[in-house]
Number of protein chains: 2
Amino acid sequence: MSGKRSLIRSGTTVDQMVRAIGDRIVTGVLRPGEKLDEVSLAVRFEVSRTPVREALGQLSAMGLVERRPNRGAIVAVVTQEHLTAMFESMAELEGICARFCAERMTGSERRALETEHQASARLVRLGAEEDYEYFNTEFHSRLYRGAHSTHIQELTATTRSRLAPFRRAQFRLAGRLAKSWQEHDAIVTAILRGDGAAAGKAARDHVSIVSEASAVFAAGDQPNAASTTSVTSG
Amino acid sequence: MSGKRSLIRSGTTVDQMVRAIGDRIVTGVLRPGEKLDEVSLAVRFEVSRTPVREALGQLSAMGLVERRPNRGAIVAVVTQEHLTAMFESMAELEGICARFCAERMTGSERRALETEHQASARLVRLGAEEDYEYFNTEFHSRLYRGAHSTHIQELTATTRSRLAPFRRAQFRLAGRLAKSWQEHDAIVTAILRGDGAAAGKAARDHVSIVSEASAVFAAGDQPNAASTTSVTSG
DNA sequence: TCGGAGGCAATTGCATGCACTTTTTGCCTT
DNA sequence: AAGGCAAAAAGTGCATGCAATTGCCTCCGA
């Protein structure tokens, strides 16, 4: 074809499409319920329908999109019930991770966890939501990795990405930033103490609270709008 | 297009292929490390390569097959480490399910659980491994459903299917049948008592034991695998 | 005999085309 | 005017074909 792969980075075209579409779902550019037209996407990304179809299939297997036979694909719409179940599962998964962390983290992992956590305190004082968001993600990733279980890590990561569309902007809630840090602090303290049960409980509680915070947004956040925002990929 | 649907049952061709290939992996007809040739599969199932490719992509997203770009697909080969992690996760997931069951199961669910469980006792006495296997699957499915959490159910089901290739023949181990039933009994008793903590622990222990039992088989059961031990099974 | 470069066969990756399904639109009937 | 039916339009599902990549085999040189 007309030469090169300037889309998203290397990999096969299908992989690029999975990442491209998946990212747009997770980051909220494509919103739950939005129709995913094969030809539009193909034109949009300058590929044929085949890789788009394969990508949609894989995203469907991952639960990010929903496919109705002969009737097209849409960004996965989850019921309130299912959303609750996902947050609940997320709480349990993070609880397990935290428990494992308390039992298994190496010395350097513990030090890194605490160092980064303490560093993020500054962002709370500054009220830097964007930056804290980044630290928050990193913090949780540390928990997943620290569990030393590749599979738990997988389950947690996929669940997290499926929840991502529904937890945006949670830090805009008044006071959420400071509270989040305090909750993280409880988790870190318990892990450093080696108290698995306490770490697990703290992590579960943390996610549960995030869950409630996010539910507010989820309620008024499920459009069927078909406006395909033009994105500058480059 | 000679439209005959005599393959596996309804759904699109791709769905049929996902089920067909997935089943063969889960049931061990296709074994870890085995090459999945697109044209062979296409010929074998009398479809073109396209649905086969899509199916392989989805199975790859599910973790059942491994895809190397431009180099074909193989049935997923898991390292001993990853296998351990999966069993460990499975134990935790089932523990959560059992805990939730104890807290949430309806009256009729509890009755059905106990009834079926008691019925399966007969199979243990007869040493009917095949039939018990079926009841065993059903028993665990009841736990997943009884947790009343669609997402935990999903996580559990996919993890279970990814483990399936490695837990075949576990009931052939001497005495495993009776022990399995006793472990189930502990879970059921705790659930009926409404004791979530005990139910969780019993379920975790149960899976852990299955894990150890299966590890025996997993060791000598990876045919073409690059980095595993030699094969002892027939 | 060993190592490497080049070419050939086999296989994957993607584009395109056609068939089938669903949805929409326009016309006819009541 | 409203409802229903039918035909067209749109869009998905799958097959086929071609390009590109990989792996293997051969041949040549040291």
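Judged by closest nucleotide on DNA chain C, B:Glu38 is the one of A:Arg49 and B:Glu38 placed further toward the 5' end. Comparing A:Asn70 and B:Arg71 by the nucleotide of DNA chain C that holds the closest heavy atom to each, the one mapping nearer the 5' end is B:Arg71.
Taking atom CZ of residue B:Arg53 and atom P of nucleotide D:dC18, one finds them 18 Å apart after rounding to whole Å. Distance A:Glu46 CD to C:dT16 P: 13 Å, rounded to the nearest Å. If you measure from atom CZ of B:Phe45 to atom C1' of D:dG13, you get 19 Å, rounded to the nearest angstrom. At whole-Å resolution of the value, CG in A:Leu41 and C1' in D:dA10 are 16 Å apart. Between the CD atom of B:Glu54 and the C1' atom of D:dA15 there is a distance of 12 Å, rounded to whole Å. Atoms CG (A:Asp37) and P (D:dA9) sit 18 Å apart, rounded to a whole Å.
With salt bridges taken as basic N to acidic carboxylate O contacts below 4.0 Å, one links B:Arg162 and A:Glu154. Note on A:Glu54 versus B:Arg53: salt bridge recorded, some NZ/NE/NH1/NH2 to OD/OE distance being below 4.0 Å. B:Glu92 has a carboxylate O that lies under 4.0 Å from a charged side-chain N of A:Arg99, or vice versa, which qualifies the two as a salt bridge.
Contact annotation: A:Ser48 does not reach the phosphate of C:dT16 (side-chain N/O to OP1 or OP2, under 4.0 Å). Between C:dT12 and B:Lys35, a contact under 4.0 Å exists linking OP1 or OP2 to a side-chain N or O.
When each of A:Val207, A:Leu83, A:Val26 is checked for a side-chain contact (heavy atoms from CB on, under 4.5 Å) with A:Leu163, only A:Leu83 meets the rule.
With distances taken from any side-chain atom of A:Pro51 to the nucleotides C:dT11, C:dC14, D:dA15, the minimum falls on C:dC14.
Side-chain atoms of A:Thr50 come within donor-acceptor range of the base of C:dT16, with a qualifying N/O pair under 3.5 Å.
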